[in-house]
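One structure is given below, encoded as structure tokens.
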Amino acid sequence: MEQTDWENTMDNHILNIQVKDFKLKLLMSEGQAFEDLFCELMSAINSDFRKVKAFGKQGDEKNDGFIPSKGEYFQCYSPEDISKEKTKKYALKKLKEDFAGLLENWNDRWEIHSFSYVINDKYKGTPPSVLDELAFLKNEYSKIFFDLLDSKGLENIFKSKLNRMQRREIVGTTPAEIILEMNKSRIIQPPNDLDILGWFNIINDYIEAKINKLTKLRIQNWYYVDNSYSVREQCIEDLINLMFKQEEMESKFLEVLKEKYTSMSHLWSEYFKDEKDIVYRLINNIRLNEFFLFKITGFDYQSFIDESISEIIKMFNVIVNKINKTFGLNSLNTIQQTFEKVNKVIGYNKNQKFLKLNEILRDIKESKNCNSVTIFKNSKDRFEIDEDLHLYFESCLCHYLTLNGDVLGGGDIVKYLIFNFESITEDALTRFSPHFSTNHIIFLERFLNLNDKLEIEKLQKRSNIAIYYLEEC
């Protein structure tokens with residue numbers, strides 16, 4: 001089937017992105033990282049390429065990699081900055097020593113027909129002295145072909161010698177690939193692919209079950225109950241059992257995707273791997289004493305659990321939105337639950353500040369997740385909240401308090417919040433009873449400077465508080 005103009009455009013777009021990503025890898029690579037990148041590139045080009053691993057005093061005997069069947073040898077050098085005089089001198093010295101060592105150690109094993117000095121000049125250019133030495137070696141050893149491979153040369157190989165799939169293995173999947181592949185699939189077959197749609201339904205159930213098991217680990221389900229350790233361990237065991245059960249499903253799902261949508265397969269494979277890392281990191285750390293947990297992660301129990309669940313939800317929703325948009329379907333459901341800590345600026349139009357305040361309070365009421373509400377206002381402000389809200393906060397167990405932020409000042413506001421809401425001290429020496437429900441903190445004016453706000457962000461990692469900053473648009 002001939003490619004459309006749109007597909008050709010997308011192919012070129014993907015190639016440009018992959019080349020940019022490869023160039024970035026070159027610019028970021030030094031030493032062993034560059035050698036690994038080069039060997040990965042050469043292995044993609046020629047299956048006969050062999051990387052030589054250095055062992056002890058023997059080292060690699062001046063051979064970073066070679067193609068035995070052709071007698072082609074490669075030696076890598078990737079300095080931090082090739083333009084420095086000291087580095088130029090070392091590059092020349094290394095070339096001389098590496099070739100001499102190669103000739104001594106390898107020529108009798110597999111005769112040398114070609115030697116390439118692979119230098120990551122990071123697009124700054126190769127020192128003339130190195131080029132002169134290569135020319136000298138060509139004259140000295142006329143039966144051996146000498147070559148220089150710099151950053152631009154490696155880029156050209158990556159661009160011209162590899163196909164898109166091979167380039168993907170080196171730099172990863174680009175969003176444009178997924179869009180192109182799925183649109184091609186929609187041309188080849190209708191989007192009501194019953195097999196894939198069936199799997200999407202399974203994935204919906206899969207993530208719902210996973211989030212359900214994860215939320216069972218939230219502290220309100222075990223922290224204060226009798227035999228809290230046993231209850232928590234049962235929640236962990238249930239989660240681990242679900243992970244094992246779903247591993248087989250993941251493998252089958254990825255196999256199905258590989259047959260039709262390789263880009264989507266790669267995307268889901270990365271998601272499952274990252275999700276597993278987060279879940280097992282959570283399991284391992286949640287078993288620690290809370291003091292140790294805080295020292296290691298910077299979070300108290302509840303914040304660490306919620307942060308982990310939030311990471312999974314964000315990753316899942318990103319991939320779902322991408323697939324639904326490009327596949328033209330809405331068969332995968334995004335997760336609407338949120339466990340992220342609220343810390344946001346809310347704009348309001350002139351003279352609408354207290355109207356906006358009432359909107360926030362109504363949202364808090366409807367969330368049914370409120371331990372307290374603290375409003376920091378200007379001492380000159382006079383306002384009343386809606387009657388039904390006033391009755392609600394008076395009658396329920398949610399504490400409602402207004403304080404004069406301008407009188408207290410930023411430093412004392414921060415001290416007040418720490419004193420009242422932290423579940424563990426910043427030095428990890430003292431622990432307090434955690435709040436299951438959220439404490440909502442609302443600022444009607446700019447009472448805090450940047451450092452004060454940073455302190456409050458740190459406090460959110462060891463407390464259950466939501467922060468709202470009202471600012472006039």
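Using modelled atom types and a 3.5 Å distance limit, the side chains of Gln234 and Asp238 yield a donor-acceptor pair. Side-chain contact, Asn439 with Ser372: a donor N or O sits under 3.5 Å from an acceptor N or O. Side-chain contact of Ser303 with Lys341: a donor-acceptor pair under 3.5 Å is present, judged by distance alone. Between the side chains of Thr425 and Asp427, a donor-acceptor pair is found at a separation under 3.5 Å.
A cation-pi contact, defined as under 6.0 Å to the ring centre and within 45° of the axis, is absent between Lys453 and Phe443. Geometric assessment of Lys377 against the ring of Phe383 yields a negative cation-pi assignment under the 6.0 Å and 45° thresholds.
A salt bridge does not link Lys276 to Asp274: none of the charged side-chain nitrogens sits closer than 4.0 Å to a carboxylate oxygen. Using a 4.0 Å cut-off between charged nitrogen and carboxylate oxygen, Glu255 and Lys252 do not count as a salt-bridge pair. Checked for salt-bridge contact, Glu40 and Lys25 miss the test: no charged N lies under 4.0 Å from a carboxylate O. The residues Lys122 and Asp81 are annotated as not salt-bridged, no charged nitrogen and carboxylate oxygen being separated by less than 4.0 angstrom. A salt bridge links Glu471 and Arg446; the closest N-O separation between the charged side-chain nitrogens and carboxylate oxygens is under 4.0 Å.
Arg167 places a side-chain N or O within 3.5 Å of a backbone atom of Leu162 that can act as its donor or acceptor partner.
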For this session: Could you give me the CA-CA distance, side-chain angles and deciding distance for Phe376 and Phe447, then say whether ring pair (Phe, Tyr, Trp, His ring centres under 6.0 Å) is met?
Result: CA-CA 8 Å; Phe376 289 95; Phe447 303 120; 7.2 Å; no
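For Glu275, the salt bridge (Lys or Arg N to Asp or Glu O under 4.0 Å) partners two or more places apart in sequence, or in a different chain, are Lys210. Residues satisfying the salt bridge (Lys or Arg N to Asp or Glu O under 4.0 Å) criterion with Glu155, sequence neighbours excluded, are Lys152.
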Side-chain donor-acceptor contacts of residues 213-220 below 3.5 Å, not counting sequence neighbours, with atom names and distances?
| residue | atom | partner | partner atom | Å |
| --- | --- | --- | --- | --- |
| Thr215 | OG1 | Ile211 | O | 3.1 |
| Thr215 | OG1 | Asn212 | O | 2.8 |
| Arg218 | NE | Asp306 | OD1 | 2.8 |
| Arg218 | NH2 | Asp306 | OD1 | 3.3 |
| Arg218 | NH2 | Asp306 | OD2 | 3.0 |
| Gln220 | OE1 | Gln302 | NE2 | 3.0 |

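The ring of Tyr206 has its center no closer than 6.0 angstrom to the ring center of Phe253.
Checking Gln460, Arg462, Glu307 one by one against Phe299, the side-chain contact (heavy atoms from CB on, under 4.5 Å) holds for a single residue, Glu307.
Tyr73 and Phe66 have parallel rings, their planes meeting at less than 30° on a 0 to 90° scale where 60° marks the start of perpendicular.
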